[in-house]
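First the structure, in the form of structure tokens, and then the observations on it.
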Amino acid sequence: MVKTESKKKAGNALLRFVQGVLLGSSGVLPGVSGGVLCVVFGIYKPLMEVLAAPVKKLKEHWKMLLPVGLGALAGLVLVVNLLGAVMENYKSLAECVFVGLILGTLPALIKNAGKEKRTAGSYVAFFASFILLFSLLAYLKYFSSFAVIPSFFWFVGAGAVFGISVVLPGLSAYTILEFFGLFKPIVNGALNFDFGVLVPIAIGGAAALILLSKAISSLYEKNFSIMSHIIIGVVVATTIPLIPTHFESFAAFALQLVLIACGFAVAITFEYFDKKIN
């Protein structure tokens, strides 16, 4: 009986570790939201409770969250090493797959946003977030000399983006970081264990989770439809600038189109298995 109970606990810990690996991977994989995976794995609510009241709730949930945290660290290291090699040698092709992955999450995001009745405010939230953010990104890209020089400040901001992407299911950190040119420096910093990159990211991520999680979770619960449509607007606005517009030849255009379609198909497949798991 004792052995059976021990095996059960070990099995649960292993399962949570594997879930953590997937969560860690989602931190750097485009089109994959850590927040969505937290919801699927049943970790979202305990995590939000710990972030809202760490002293009180950590005693209750630490056995669940510890293997998840260890797995997330392992997954992050593994995926960062893989992405580093891919981005170094096949950046333009990899970005096409990433765009497909992001576009493939949109049907699920739209469906999820419609769980509660869509109101006029929902559509206003979508168009407002899309127009404001897309206009800002277009201005920065085409009409401004603004350029991001990776620094402590920017890496803290990148960490905050990672943290917010966990709190807001559906928001992928990649699209924002890639636009500002921070994704590759972060991958390189992680590959080289550069504490000048890792420490500010950890600070930004922890600060965002601790300071914003309670407020954002409250907004999400009280205004689910509006918040969900804001996220869709953000995802669309940050993805459009990543879509390739220049092609060396028709063959290159066809290859990139195929890769986008493959990324889209993979995202749809993940969504199918998510439904099966649920």
Side-chain angles (χ1 to χ4, degrees), residues 23-35 51 69 72-92 94-95 98-99 101-102 129 132-168 170-213 215-216 230-231 233-244:
L23 285 171
S25 303
S26 74
V28 289
L29 282 176
V32 184
S33 167
L51 292 172
L73 181 61
L76 185 62
V77 171
L78 289 171
V79 173
V80 160
N81 277 275
L82 176 62
L83 276 181
V86 172
M87 295 296 284
E88 186 69 29
N89 299 296
Y90 310 102
K91 186 174 186 295
S92 61
E95 285 181 344
F98 294 165
V99 167
L101 283 169
I102 297 165
S129 62
L132 288 174
L133 187 55
F134 183 76
S135 298
L136 174 62
L137 296 179
Y139 171 76
L140 293 175
K141 184 173 183 177
Y142 298 109
F143 304 106
S144 173
S145 57
F146 173 82
V148 170
I149 300 175
S151 63
F152 182 89
F153 169 79
W154 282 108
F155 288 134
V156 169
V161 171
F162 280 123
I164 292 172
S165 71
V166 172
V167 179
L168 288 178
L171 181 64
S172 175
Y174 170 83
T175 51
I176 297 174
L177 298 179
E178 177 62 18
F179 178 84
F180 286 104
L182 291 171
F183 187 73
K184 187 174 181 180
I186 289 172
V187 169
N188 290 337
L191 283 172
N192 299 315
F193 290 97
D194 184 350
F195 289 100
V197 176
L198 299 178
V199 170
I201 287 176
I203 292 173
L209 286 171
I210 294 170
L211 298 177
L212 300 177
S213 61
I216 293 176
I230 287 175
I231 290 175
V234 170
V235 171
V236 174
T238 53
T239 302
I240 290 176
L242 298 178
I243 297 175

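In this structure Ala160 satisfies the side-chain contact (heavy atoms from CB on, under 4.5 Å) test together with Ala208, sequence neighbours excluded. The side-chain contact (heavy atoms from CB on, under 4.5 Å) test applied to Tyr139 returns Phe143, Ser144, not counting sequence neighbours. The side-chain contact (heavy atoms from CB on, under 4.5 Å) test applied to Ile243 returns Val99, not counting sequence neighbours. Scanning for side-chain contact (heavy atoms from CB on, under 4.5 Å) contacts around Val148 gives Phe146, Trp154, Phe180, Leu182, with sequence neighbours left out.
In this structure, CZ on Phe195 lies 12.5 Å from CD1 on Ile201, to the nearest 0.5 angstrom. Here Ile186 contributes atom CD1 and Asp194 contributes atom CG; the two are 11.5 Å apart, rounded to the nearest 0.5 Å. The distance from the CD1 atom of Ile230 to the CG atom of Leu133 is 11.5 Å, given to the nearest 0.5 Å.
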Decide side-chain contact (heavy atoms from CB on, under 4.5 Å) for Val236 and Phe134; before the verdict, give the C-alpha distance in whole Å, the side-chain angles of both, and the deciding distance to 0.1 Å.
CA-CA 8 Å; Val236 174; Phe134 183 76; over 6 Å; no
